[in-house]
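Below: the structure, in structure tokens.
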Amino acid sequence: MRAHAIAAVLIAAAVIAPRAEAGRGTASLKYLADKTDAVVIVDVAKGRKSPVFRKGFELASDKLPLLGTVKLAQIDTVIVGRMSSDDTVIVVEGKVDALLADAKKRSTASGTHGAVTFWTTAEGDVALIDKRLVIATIGTMGQVIDRAADKKRAKGPARVRTWLAGAAGAPTIVVAAAPAGQVAKDLAKQFGAAPQVATISLGMTSHLTFELRAVFGDDATAASAEAALTKAAAADTKDRLEAFVGKDFADSIQVDRDGGTVRGSAVMTADEVDKVLGVARMLM
């Protein structure tokens, strides 16, 4: 399976869409650099039990046949860490022997760093480290291996652990990022200020739950962002959401604030998920 196939699983799940130290996959944070600016954790073991997750995956497979090679029963967790636009690490936990064998067959070169051998493919350098399949931007695998071997940072970047600690409950998917560059500028224009960090938690069972937590530098900027979000979720916007998704979803949207943290949440029923996926299927 190729790296972009794994990434597509994440995107598919996010589109239809416990604490960091205790959550599945967080032991793999050690592979991420301290300068990581965004991370995605997908609890595939939990998601594959969810009709919502499976339907989203099936929809993506229709568009990207390569996803048909992904066996969800063999994957437990996928973590994606982005250090910059051209520096990414993907870690896959589960039964990864077949995935590694496929990478070896398609490799164009191989190398060794320390005691770890890695193979270069079109998608990146691939290695098996601590029984996890690790895919890194070509030329950076040595850095990843060194980070994994450093016992002083066995828990991974402290700021990423802090971000994930803001995840709601025990979600199927967590996306956490520190907005920067044009994204930060766009958010500041829309909400009056860009958050220091934003965490999105997606829970998937028979329905879809969504929670956003955005942390701002002070109470005043958070209050401004709360007002902007509340306005965006009211009146005509709510009517459009009700028409496109459903009344239950539109009525479930809530926005509140606790000091410098703004929270938004919503719930999409199984029927509403089917409706959205149906529209998405027609547009794809």
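From a predicted model like this one, the values you see are computed outputs, not experimental measurements.
In this structure, a donor-acceptor pair under 3.5 Å is absent between the side chains of Gln190 and Asp186. Counting only N and O atoms by type, the side chains of Asp43 and Thr172 include no donor and acceptor under 3.5 Å apart.
Remark: side-chain polar atoms of Arg48 are not paired, donor with acceptor, to backbone N or O of Arg54 under 3.5 angstrom. Distance alone, capped at 3.5 Å, is enough to place a donor-acceptor pair between the Glu272 side chain and the Thr269 backbone. A donor-acceptor contact shorter than 3.5 Å is absent between the side chain of Arg132 and the backbone of Val134. For Ser107 (side chain) and Trp119 (main-chain N/O), no donor-acceptor pair under 3.5 Å exists by modelled atom type. No donor-acceptor distance shorter than 3.5 angstrom exists from the side chain of Tyr31 to the backbone of Gly81, with no hydrogens or angles considered. Side chain of Thr140 to backbone of Ala136: no donor-acceptor contact under 3.5 angstrom is found. A distance-only check finds a donor-acceptor pair linking the side chain of Asp125 to the backbone of Gly139 [under 3.5 Å]. A distance-only check finds no donor-acceptor pair linking the side chain of Ser224 to the backbone of Ala220 [under 3.5 Å].
Rounding to the nearest 0.5 Å gives a distance of 8.5 Å between CD1 of Ile145 and OG1 of Thr112. The CZ atom of Phe249 lies 8.0 Å from the CZ atom of Phe210; values are rounded to the nearest 0.5 Å. From Ile90, atom CD1 reaches atom CG of Leu133 across 9.5 Å, with rounding to the nearest 0.5 Å. Residue Ser265 holds its OG atom at 10.0 Å from CZ of Arg213, rounded to the nearest 0.5 Å.
Looking at heavy atoms from C-beta onward, Pro179 lies in side-chain contact with Pro195 at the 4.5 angstrom threshold.
The nearest pair of heavy atoms linking Trp163 to Ala176 is CB-CB, 3.8 Å. Residue Gly124 comes nearest to Ile135 through the heavy atom pair CA-CG2, 4.5 Å, listed as atom of the first residue, atom of the second, then distance. When all heavy atoms of Val262 and Ala225 are compared, the pair lying nearest together is CG2-CB, 4.3 Å.
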Subject >> Worked check of side-chain hydrogen bond (donor to acceptor under 3.5 Å, both in side chains) between Thr261 and Asp258 >> reply: CA-CA 5 Å; Thr261 300; Asp258 181 6; over 6 Å; no

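Residues passing the side-chain hydrogen bond (donor to acceptor under 3.5 Å, both in side chains) test with Asp97, sequence neighbours excluded: none. Applying the salt bridge (charged side-chain N to carboxylate O under 4.0 Å, His left out) criterion to Asp37, with sequence neighbours excluded, gives Arg82.
Under 4.0 Å is where a charged nitrogen must lie from a carboxylate oxygen, and between Asp34 and Arg153 at least one such pair does. A salt bridge between Arg240 and Glu242 is absent, with no side-chain N of the basic residue lying under 4.0 Å from a carboxylate O of the acidic one. For the pair Lys30 and Asp130, the salt-bridge criterion is met [side-chain N within less than 4.0 Å of a carboxylate O]. A salt bridge does not link Lys275 with Asp271: every distance from a Lys NZ or Arg NE/NH1/NH2 to an Asp or Glu carboxylate oxygen is 4.0 Å or more.
A side-chain hydrogen bond (donor to acceptor under 3.5 Å, both in side chains) with Asp102 is found for one member of Lys104, Arg106, Lys105 and no other, namely Arg106. Each of Val52, Val273, Thr209 was checked for a side chain to side chain contact (heavy atoms under 4.5 Å, CB included) with Met268, and the lone residue meeting it is Val273.
At a threshold of 4.5 Å between side-chain heavy atoms, the hydrophobic network of Ile, Leu, Val, Met, Phe, Trp and Tyr places Leu241 and Ile200 in one connected group. Under the 4.5 Å side-chain heavy-atom criterion for ILVMFWY residues, a single connected hydrophobic cluster contains both Val279 and Leu277. Both Phe244 and Ile253 belong to a single network of hydrophobic side chains, linked directly or stepwise wherever heavy atoms of I, L, V, M, F, W or Y lie under 4.5 Å apart. Leu229 and Val267 are not part of a single hydrophobic cluster, where members link through side-chain heavy atoms under 4.5 Å apart.
Pairs engaging residues 247-256 under the side-chain hydrogen bond (donor to acceptor under 3.5 Å, both in side chains) rule: Lys238-Asp251, Lys247-Asp251, Asp256-Arg263 [sequence neighbours left out].
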